Structures are given as structure tokens and as C-alpha cells.
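All values derive from a computational prediction rather than experimental measurement.
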Amino acid sequence: MAREVQITFDCADPAKLAAFWAEALGYRLDDPPPGFESWEQALEAMGVPPERRNDASAVIDPERAGPRLFFQKVPEHKQAKNRVHLDVRAAPGLQGEARMAALEAEAGRLVAHGATRLHRQEPAPPLGAGHIIMADPEGNEFCLD
């Protein structure tokens, strides 16, 4: 039996990181609970104090095909390289210079939204198609693949 997967990020600013990853993946913020028009309205009704309303956030694939991403506030900062990272498939079906040009365009778009470009790995056929290593606004590494 298959299981659903949720990917959880520990972070300092859940709302900011959720907004970045929604932009990066074409996701959207998760819906508020039934009966509420907004998260602000729901959190108010739940009695969550204003200073705690950015303790968590989540984004979802509008098609419900990809995993939900959950962002939770933690007190400590990122301290080491990720042992697991996301590969954002930004150039499916492309090869060579067309692939790298598409990855460069996506890298530029994401830098404008707060990402940092870390390294470009050139294509090395037959197995290495090339990719760009990036970091999200809180330093979590991911690849444009």
C-alpha cells in the first residue's frame, strides 16, 4: 500500500519559506480549515496569539499530485549541509545547451525570489546531464535538475 509523503522543513520564518517554495514549485498555500475564509480568521478563532501565527505554514500542489511541504519554526539555525535535498526538475526532456539554458533561466528567476546560486555542474555525458545547486532563503540546498 502506497503512503502519502509530506516534506517538513525546520526554519526560522515559515511564512517566508512557504512563499518561496510555492513560487519555486508552482504550489499554493494550503487551505484554511473548513468554515474559515483565511488562516488569519482560523488562527484568531483558535485563540492563537499574534506572535505565534507564523509558527507553521504549508504549501500544496494545486493538482494534488506532489507532496505537501510543511514549514515549522524552530529556534536553532541550519548548521550543516543537507543530507536530503529536493531536486526541482526544471528542464524535463531537455539536453545539452538547451537544458542548461532552461536551468539558468530558472536559477535567475529563483534568485529574484530569495534563492542563492551555489554551483553549476556542467554536463558530463553519458550519465551527467548537468544541474545547478541552489539554496533557499534559509540556506537549504536544492538542485535545479
Inset, instruction - Measure across Cys11 and Phe71 and return the closest heavy-atom pair with its distance rounded to 0.1 Å. - result: SG-CB, 3.9 Å

Inset, instruction - Verify the neighbour count for atom CD of Glu63: are there more than 12 heavy atoms of other residues, nucleotides or ligands below 6.0 Å? - result: no

Inset, instruction - Return yes if some donor-acceptor pair links the side-chain N/O of Tyr27 with the main-chain N/O of Pro67 below 3.5 Å, else return no. - result: yes

Inset, instruction - Give a yes or no on whether Trp39 and Ile60 share a hydrophobic cluster (residues Ile, Leu, Val, Met, Phe, Trp, Tyr; joining criterion: side-chain heavy atoms under 4.5 Å apart). - result: no

Legend entry - Side chain Glu141, main chain Asn82, donor-acceptor under 3.5 Å: yes

Legend entry - Value rounded to 0.5 Å, distance of CZ in Arg52 from CG in Leu43: 11.0 Å

Inset, instruction - Give, for atom CD of Glu138 and atom CG of Asp10, the distance between the pair rounded to the nearest 0.5 Å. - result: 10.0 Å

Inset, instruction - Could you tell me whether Gln6 atom CD has more than 12 heavy atoms of other residues or ligands within 6.0 Å of it? - result: yes

Legend entry - Asp145 side-chain N/O to Asp87 backbone N/O, donor-acceptor pair under 3.5 Å: no

Legend entry - Distance-minimising heavy-atom pair for Phe36 and Ala45: CE2-CB, 3.4 Å

Inset, instruction - Go through His131 and Arg120 one step at a time and tell me if the side chain to side chain contact (heavy atoms under 4.5 Å, CB included) criterion holds. - result: CA-CA 6 Å; His131 60 276; Arg120 174 176 160 146; over 6 Å; no

Inset, instruction - For the residue pair Pro137 and Lys16, establish whether any side-chain heavy-atom pair is separated by less than 4.5 Å. - result: yes

Inset, instruction - Report the C-alpha distance between Asp55 and Gln72 in whole Å, list the side-chain angles of each, state the deciding distance to 0.1 Å, and finish with yes or no for side-chain hydrogen bond (donor to acceptor under 3.5 Å, both in side chains). - result: CA-CA 6 Å; Asp55 282 2; Gln72 61 187 8; over 6 Å; no

Inset, instruction - Using a strict cut-off of less than 4.0 Å between a Lys/Arg side-chain nitrogen and an Asp/Glu carboxylate oxygen, indicate whether Glu97 and Arg99 qualify as a salt bridge. - result: no

Legend entry - More than 12 heavy atoms of other groups within 6.0 Å of Arg28 CZ: yes

Inset, instruction - Would you please test Phe142 and Trp21 for ring-ring contact (aromatic ring centres under 6.0 Å, His included) and show each step? - result: CA-CA 11 Å; Phe142 67 96; Trp21 281 104; 4.9 Å; yes

Legend entry - Close side-chain approach of Gln95 and Pro125, heavy atoms under 4.5 Å: no

Inset, instruction - Check whether Leu69 and Leu29 end up in the same hydrophobic cluster, where Ile, Leu, Val, Met, Phe, Trp and Tyr are linked by side-chain heavy atoms less than 4.5 Å apart. - result: yes

Inset, instruction - Would you mind reporting whether Asp136 and Leu17 have side-chain heavy atoms less than 4.5 Å apart? - result: yes

Inset, instruction - Please indicate whether Glu122 has more than 12 foreign heavy atoms, meaning atoms of other residues, nucleotides or ligands, lying under 6.0 Å from its CD. - result: yes

Inset, instruction - Indicate yes or no: at least one non-hydrogen side-chain atom of Glu40 is less than 4.5 angstrom from one of Arg53. - result: yes

Legend entry - Val84 vs Ile7 side-chain heavy atoms within contact, under 4.5 Å: no

Inset, instruction - Before accepting this row, confirm whether a basic side-chain N of the pair Arg68/Glu4 lies closer than 4.0 Å to the acidic partner's carboxylate O. - result: no

Legend entry - Of all pairs that satisfy ring pair (Phe, Tyr, Trp, His ring centres under 6.0 Å), the ones with a partner from residues 75-124, not counting sequence neighbours: none

Legend entry - Leu118 reachable from Val111 in the ILVMFWY side-chain graph, under 4.5 Å edges: no

Inset, instruction - List the atom of Ile132, the atom of Ala107, and the distance in Å for their closest heavy-atom pair. - result: CD1-CB, 4.2 Å

Legend entry - Hphob cluster co-occupancy, Leu110 + Leu94, side-chain heavy atoms under 4.5 angstrom: no

Inset, instruction - Look only at the side chain of Lys73 and the backbone of Pro75, and say whether a donor-acceptor pair between them is shorter than 3.5 Å. - result: no

Inset, instruction - Determine the minimum heavy-atom distance between Ala90 and Ala102, stating which atoms define it. - result: O-CB, 4.4 Å

Inset, instruction - Using modelled atom types only, decide if a donor and an acceptor are shared between the side chain of Arg109 and the backbone of Glu23 within a distance under 3.5 Å. - result: yes

Inset, instruction - Using the rule that two of Ile, Leu, Val, Met, Phe, Trp, Tyr join whenever any of their side-chain heavy atoms come within less than 4.5 Å, decide whether Ile133 and Val88 are in one cluster. - result: no

Inset, instruction - Side-chain contact test, heavy atoms from C-beta onward, threshold under 4.5 Å: evaluate it for Asn140 versus Lys78 and give yes or no. - result: yes

Inset, instruction - Find the distance between CG (Asn54) and CG (Asp13) and round it off to the nearest 0.5 Å. - result: 5.0 Å

Inset, instruction - Tell me, with the steps shown, if Phe9 and Leu86 meet side chain to side chain contact (heavy atoms under 4.5 Å, CB included). - result: CA-CA 11 Å; Phe9 289 72; Leu86 301 181; 3.9 Å; yes

